[in-house]
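Reviewing the structure listed below.
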Amino acid sequence: MSVLIAIPARYASTRYPGKPLVPLTGATGKSMTLIERSWRAAISVSGVDRVVVATDDDRIREVSEGFGAEVVMTSENCANGTERCAEAHANLGAGYEIVVNLQGDAPLTPHWFIEDLVKGLRDAPEAGVATPVLRCDGDALNGLLNDRKHGRVGGTTAVFAVDHSAMYFSKEVIPFTADTYASSDPTPVFHHVGVYAYRPNALEAYPGWPVGPLEQLEGLEQLRFMENGRKVLCVEVEAKDRQFWELNNPQDVAKIEEMMAAMGLE
């Protein structure tokens, strides 16, 4: 099955304007923009036919083309990354059997997250969308709880049924647990990894649906699929000693740089 990875990137982020062009310094002292690091994560994935940056901003286009990325220009009217991926796929002729949305704020995404995600969708013909989830250890859970305690929108959490179909996603920490966990203890909370794989029919339908109340309240694009009765498959992935975090707020820059240093990432 042919696979396209699209990296949606916009300059006018409400919470962090210009985020794709923010520099991140790795373990060797080398600085690269967030969008370049996300692109490098995408091109490391095996079994992918094409990787493109999808944007509506000439500044992002120029920087992306400068480091060798293929860029697909999309309209300013895309409300979120899924709509931008749908437009990018259409602009490329809509010929891919699986479209992966690697959001441009997830530079620490390991290649096996996406490889496992694509395999999970291939093995579940009843699902139109799949997304990875990562079981939190005590440190990760405390990081999520600390963000919420200080009023920051941090990572997203997911709950799912026994068949791994998503039940809900939230920027709150769900499910609730009153237990305490040591740093490396597994917890019942799953961190949603901001990557999606779509079948074309689900992706093409998405922009035509109105924004529902849950998507509006949470600000989570994947809820639109669920509000319209489409199954979203949660694919559990393994960290394999890799740390993972997304760049949601300016405070996350230092955290991601610390993680890159600890993992020896360039």
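With hydrogens and angles disregarded, no donor-acceptor distance shorter than 3.5 Å links the side chain of Asp49 to the backbone of Leu4. The backbone N or O of Leu144 lies less than 3.5 Å from no partner atom in the side chain of Asp147, so there is not a single donor-acceptor pair. Checking side-chain atoms of Thr187 against main-chain N and O of Cys136 turns up a donor-acceptor pair under 3.5 Å. Side chain of Arg199 to main chain of Leu203: no donor-acceptor pair is present (N/O by atom type, distance under 3.5 Å, no hydrogens or angles). With Glu83 contributing its side chain and Ala79 its backbone, the two residues share a donor-acceptor pair below 3.5 Å. Checking side-chain atoms of Asp137 against main-chain N and O of Ala140 turns up a donor-acceptor pair under 3.5 Å. Here the side chain of Asp57 pairs a donor or acceptor atom with the backbone of Arg59 at under 3.5 angstrom. With Asn228 contributing its side chain and Arg224 its backbone, the two residues share a donor-acceptor pair below 3.5 Å.
Under a cut-off of 6.0 angstrom, the local environment of NZ in Lys255 is crowded, with over 12 non-hydrogen atoms contributed by other residues, nucleotides or ligands. Crowding of Glu238 atom CD: a count of heavy atoms from other residues, nucleotides or ligands under 6.0 Å not exceeding 12. With a 6.0 Å radius and a threshold of 12 heavy atoms from other residues, nucleotides or ligands, Met263 has its CE atom above the threshold.
Using the six-membered ring where Trp is involved, Tyr96 and His89 have ring planes that are tilted, between 30° and 60° apart.
Under a hydrophobic clustering in which Ile, Leu, Val, Met, Phe, Trp and Tyr are joined whenever their side-chain heavy atoms come within less than 4.5 Å, directly or via other members, Val195 and Val51 fall into the same cluster.
For the atom pair Asp116 CG and Glu236 CD, the distance stands at 10.5 Å (nearest 0.5 Å). In this structure, CG on Asn248 lies 11.0 Å from OH on Tyr16, to the nearest 0.5 angstrom. Atom CE in Met260 sits 11.0 Å away from atom CD in Gln243 (nearest 0.5 Å). The distance from atom OG of Ser170 to atom CD of Glu218, rounded to the nearest 0.5 Å, is 3.5 Å. From Ile43, atom CD1 reaches atom OG of Ser38 across 11.5 Å, with rounding to the nearest 0.5 Å. Here the straight-line distance linking atom CD of Gln216 with atom CG of Leu214 works out to 10.0 Å at 0.5 Å rounding.
A distance of 6.0 Å or more separates the ring centres of Tyr206 and Tyr198.
Gln222 and Thr131 share no donor-acceptor pair across their side chains, judged by distance under 3.5 Å alone. A side-chain donor-acceptor contact under 3.5 Å links Ser183 and Asp139.
Considering every non-hydrogen atom in both Ala41 and Pro107, the closest pair reads CB-O, 4.0 Å. The nearest pair of heavy atoms linking Glu76 to Asp56 is CA-OD2, 3.3 Å. Nearest heavy-atom pair across Cys78 and Glu87 is SG-OE1, 3.3 Å. Considering all non-hydrogen atoms of both residues, Ala202 and Gly128 come closest at CB-O, 3.6 Å. In terms of heavy atoms, Gln103 sits closest to Ile7 at C-CG2, 4.4 Å. Across every non-hydrogen atom of Arg37 and Leu24, the tightest pair is NH2-O, 3.0 Å.
The stretch residues 257-266 participates, sequence neighbours left out, in these side-chain hydrogen bond (donor to acceptor under 3.5 Å, both in side chains) pairs: Lys30-Glu266.
Between Glu36 and Arg40 there is a salt bridge, with a side-chain nitrogen of the basic residue lying less than 4.0 Å from a carboxylate oxygen of the acidic one.
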I'd like a table of donor-acceptor pairs (distance under 3.5 Å, sequence neighbours excluded) in which one partner is a side-chain atom from residues 63-74, with atom names and distances.
{"from": "Ser64", "atom 1": "OG", "to": "Ile60", "atom 2": "O", "distance (Å)": "2.8"}
{"from": "Glu65", "atom 1": "OE1", "to": "Arg61", "atom 2": "NH1", "distance (Å)": "3.2"}
{"from": "Glu70", "atom 1": "OE1", "to": "Arg50", "atom 2": "NE", "distance (Å)": "3.1"}
{"from": "Glu70", "atom 1": "OE2", "to": "Arg50", "atom 2": "NE", "distance (Å)": "3.3"}
{"from": "Glu70", "atom 1": "OE2", "to": "Arg50", "atom 2": "NH2", "distance (Å)": "2.6"}
{"from": "Thr74", "atom 1": "OG1", "to": "Thr55", "atom 2": "O", "distance (Å)": "3.2"}
{"from": "Thr74", "atom 1": "OG1", "to": "Arg84", "atom 2": "NH1", "distance (Å)": "2.8"}

